[in-house]
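Take a look at the structure set out below.
Just follow the structure's listing: the first ligand is 1, and inside any ligand the first atom is 1.
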Amino acid sequence: MSIAPDSIAKAAQGLNALAKQYDGNGESERAEQLYRMAAELELSSAELQDCWGGPLNGQVGRQAIFVDVVGRIRPVSILETGTFRGITTQWFAEHFNGPIHTCEKERMFALEAAARLSRFRNIDLHVADSRQFLENALNQHSEHDPLFIYLDAHWEEDIPLREELRLIFANHPKSIVAIDDFQVPTDFGYGWDNYGPGKSLDLDYLKGVIPDTAQIFFPTLPSSDETGAVRGLCILATELGENLKGCPLLCGARFDEWQRVRNSPVSDLRQQLRSSEERLEVITGERDARLEQIHKLTELVQDFEAEARELGLRMSSLKQSMHT
Ligand SMILES: C[S@@+](CC[C@H](N)C(=O)[O-])C[C@H]1O[C@@H](n2cnc3c(N)ncnc32)[C@H](O)[C@@H]1O
């Protein structure tokens, strides 16, 4: 019997929560046992492990961007925040031979990632908060080292992204920084994270955080041609911005130039179009659900009528037999 991935995830979350309580009480051995049980449970479900359609959210367009960018800048190392189950980390290791430093704050996910990534000698996995991890990892590199940094540790109230960016651009101008779940100002078909006022991952979020000289790149591939989860991406570069200029998969400009694009009437119309498309999807969904209900009701009425006819026939044959 196969068990639904949701049930497995719920059970693992329960064990994980219990482990954290033991951790909080200083009972680290018991906590570790429970973290391991939770991780093993999650690892037993292929569906859970294959969430979001694969590496880099299963986005083939994004995978092509990374291959191209890494080829152009030849980074000394890749740094990643938000390892999760290590699916994207594994893909990095399959496409890059240099050191890959990655961090995950949840012990349960880190254990799952460790199991998945154990055969790669070039992966250095940390269980840590991304800010602390980045500070240490950046300190291990010279300011002249080209680095490729993938920031994906945002999915809760506490979003470390601004601090991550400040840490990176303070001393490492040769970094190329890719941010997952970021609004693409020319294509709202790409999804992005919005955690409320001041916490939407869009151009405004970067104001005063990245250097004025930074070039900001977005994918040129239309979202309708992207595969997988179709999440937005933004790539930031300062000193190495010129290296990315020839990349046909990316379109780059400075912050103020992108702001002009975003504030143009065309962008407004684009947003209206997107909202209408979303509304249409909802209405179509509601219409299909109603049609389904009508279809079921029609079947019920037909069954009822057939039964009534059958009863009528039986009653008249009964009456006949009573008269004879
Ligand atoms: C969206 S998932 C990352 C997905 C992963 N990069 C992939 O492609 O499969 C976000 C992960 O970041 C982790 N996370 C959230 N905040 C963090 C923080 N401050 N430091 C480190 N990891 C964090 C979460 O526990 C979660 O596993």
Among all protein non-hydrogen atoms, which one is nearest to [atom], and what is the separation to 0.1 Å?
atom	result
atom 24 (C) of ligand 1	W155 NE1, 3.1 Å
atom 22 (N) of ligand 1	K105 N, 3.3 Å
atom 20 (N) of ligand 1	S130 N, 2.8 Å
atom 4 (C) of ligand 1	D152 OD2, 3.3 Å

ask   = Hey, is E80 one of the residues with a heavy atom under 4.0 angstrom from ligand 1?
value =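 So E80 counts as touching ligand 1.
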
query = Under 4.0 angstrom from ligand 1, any heavy atom of C51?
reply = no

Which atoms of ligand 1 have any heavy atom of [X] under 4.0 Å away?
X	result
R131	19 (N)
E106	25 (O)
F109	27 (O)

Neighbour count above 12 (heavy atom, 6.0 Å) for [X] [atom1]:
X	atom1	value
D303	CG	yes
Q140	CD	yes
D212	CG	no
E286	CD	yes
R74	CZ	no
K10	NZ	no

Using distance alone, determine whether [X] and ligand 1 share an N or O pair under 3.5 Å.
X	value
A153	yes
P160	no
W52	no
T88	yes
D129	yes
E104	yes
T81	no
D158	no

ask   = Between F92 and F66, how do the two ring planes meet: parallel, tilted or perpendicular, split at 30° and 60°?
value =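 Perpendicular: the ring planes of F92 and F66 meet at over 60°.
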
query = Given A110, A128, G86, G82, which one has a non-hydrogen atom that is nearest to atom 21 (C) of ligand 1?
reply = A128

task = Compute the centroid of each ring, for H172 and then for H144, and state whether the two points are separated by less than 6.0 Å.
result =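 No - the distance between ring centres of H172 and H144 does not fall below the 6.0 Å cut-off.
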
ask   = Any salt bridge between D204 and R262, counting N to O under 4.0 Å?
value =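 Counted as a salt bridge, because a side-chain N and a carboxylate O are separated by less than 4.0 Å.
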
query = If you measure from the Lys or Arg side-chain nitrogens to the Asp or Glu carboxylate oxygens, is any gap between E226 and R231 under 4.0 Å?
reply =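 Here E226 does not pair with R231 in a salt bridge, since their nearest N and O are not under 4.0 Å apart.
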
query = Cationic tip of R85 within the cone over F109's six-membered ring, i.e. under 6.0 Å and within 45° of the normal?
reply = no

inquiry  = Less than 6.0 angstrom from the centroid, inside 45 degrees of the normal: does R162 satisfy that with respect to the ring of Y205?
reply    = yes

query = What do we get for P55 next to ligand 1 when only non-hydrogen atoms under 4.0 Å count, side chain, backbone, both or neither?
reply = neither

task = Select one of side chain, backbone, both or neither to describe which atoms of R85 lie under 4.0 Å from any atom of ligand 1, heavy atoms only.
result =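 For R85, there is no contact with ligand 1 at all, from either part.
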
